[in-house]
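Notes follow once the structure below has been shown.
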Amino acid sequence: MKATVRGVSTVLTYLGALPFWLLVLPVILQVGAASQLFAAYGSIIAAFMAGALWGGAQASASGLGIIVLSNLLALASFASVLIGSPALGLSIQMALYLVLLACDFSLLSDRADLRWYLRLRSRVTALVVLSYVVVLIHAGFNISR
C-alpha cells in the first residue's frame, strides 16, 4: 500500500509542476493571458501547499509556529496576484516555494520513512523555481498583466 501511495504521490507531484513549464513559452512570447495564468496557478499551488503544511503541523511538536506561518504563506500567495507589479508578485511566489520547502524539511527531516518525499519535494521545487527564473529573466521583468 505504501508503495502505491508513494508512486501516486510522485506522479501527481510532477504533474502539478507541469503547468508551470507548459506556460513558460507562452509567457515569454506574451501570448494572451499566459502571464496571468502562470501567476494564478502559482498562487493556487502555493496556497494549497501552505494548507497541506498546516495540516501536517497539527501533529508536530513545532506545530504552533508552523500553523501560523502556513496561514501567513497562504495570505502572501493570495497577495502576490494582487500586487501591481507582476514581476514582484512572481518573485514573491518563487520565494514562497522555497520557504514552503524549508518548512517541510523542518517538520519532516527526522522522519526516515519520508526521506523519499523530501527528495521529491526538493526536485520538484527546483523545477518550479527554475520555471519562475526562466520567466522572469526572459520576460525581462516586464511581464504584462
Side-chain angles (χ1 to χ4, degrees), residues 1-29 31-83 85-139 141 143 145:
M1 175 93 126
K2 282 190 177 193
T4 302
V5 169
R6 183 175 173 173
V8 170
S9 293
T10 299
V11 169
L12 291 176
T13 301
Y14 279 107
L15 286 175
L18 186 60
F20 289 104
W21 284 99
L22 291 176
L23 287 166
V24 165
L25 188 59
V27 169
I28 291 169
L29 298 175
V31 175
S35 61
Q36 292 95 323
L37 291 173
F38 188 94
Y41 185 72
S43 176
I44 289 166
I45 295 301
F48 167 78
M49 291 173 64
L53 182 64
W54 183 86
Q58 298 301 315
S60 169
S62 61
L64 183 59
I66 296 291
I67 289 169
V68 171
L69 180 60
S70 71
N71 279 270
L72 293 173
L73 295 173
L75 291 171
S77 179
F78 176 63
S80 72
V81 295
L82 301 177
I83 293 174
S85 167
L88 177 59
L90 292 179
S91 297
I92 290 169
Q93 288 180 15
M94 186 171 57
L96 287 173
Y97 286 106
L98 296 171
V99 171
L100 286 161
L101 179 62
C103 289
D104 274 348
F105 268 90
S106 172
L107 282 175
L108 304 174
S109 62
D110 60 342
R111 298 272 314 267
D113 59 323
L114 293 177
R115 285 192 187 122
W116 69 270
Y117 176 72
L118 292 174
R119 284 191 304 272
L120 173 66
R121 280 279 289 112
S122 296
R123 287 190 297 264
V124 173
T125 297
L127 287 172
V128 169
V129 167
L130 184 59
S131 74
Y132 277 86
V133 170
V134 169
V135 164
L136 289 167
I137 288 173
H138 286 286
F141 290 90
I143 300 168
R145 282 225 181 250

query: Just wondering, more than 12 heavy atoms not from Arg123 lying within 6.0 Å of its CZ?
result: yes
At what distance, to the nearest 0.5 angstrom, does [atom1] of [X] lie from [atom2] of [Y]?
| X | Y | atom1 | atom2 | result |
| --- | --- | --- | --- | --- |
| Phe105 | Leu118 | CZ | CG | 4.5 Å |
| Leu130 | Met94 | CG | CE | 10.0 Å |
| Leu136 | Leu88 | CG | CG | 10.0 Å |

Minimum heavy-atom distance between [X] and [Y], given as atom pair plus value:
| X | Y | result |
| --- | --- | --- |
| Gln93 | Ala39 | NE2-O, 2.9 Å |
| Leu53 | Cys103 | CD2-CB, 3.5 Å |
| Val124 | Ala17 | CG1-CB, 3.8 Å |
| Leu108 | Leu114 | CD2-CD1, 3.8 Å |
| Leu101 | Ser122 | CD1-N, 3.9 Å |
| Trp21 | Leu127 | NE1-O, 3.0 Å |

- request: Over 60° means perpendicular and under 30° means parallel, so classify the ring planes of Phe20 and Phe38, tilted if in between.
  value: perpendicular
Quick one: side chains of residues 41-48, donor-acceptor pairs under 3.5 Å with protein atoms, not counting sequence neighbours, listed by atom name and distance.
unit_1 : atom_1 : unit_2 : atom_2 : d
Tyr41  : OH     : Gly16  : O      : 2.6
Ser43  : OG     : Ser77  : O      : 2.9
Ser43  : OG     : Ser77  : OG     : 3.2

field: Min side-chain heavy-atom separation Leu23-Val135 under 4.5 Å
entry: no
Would you find a donor on one side and an acceptor on the other, under 3.5 Å apart, between the side chain of [X] and the backbone of [Y]?
| X | Y | result |
| --- | --- | --- |
| Ser70 | Ile67 | yes |
| Thr13 | Ser9 | yes |
| Ser131 | Val128 | yes |
| Trp116 | Thr10 | no |

query: Which residue pairs pass the salt bridge (charged side-chain N to carboxylate O under 4.0 Å, His left out) test when at least one of the two sits in residues 89-105, sequence neighbours left out?
result: Asp104-Arg121
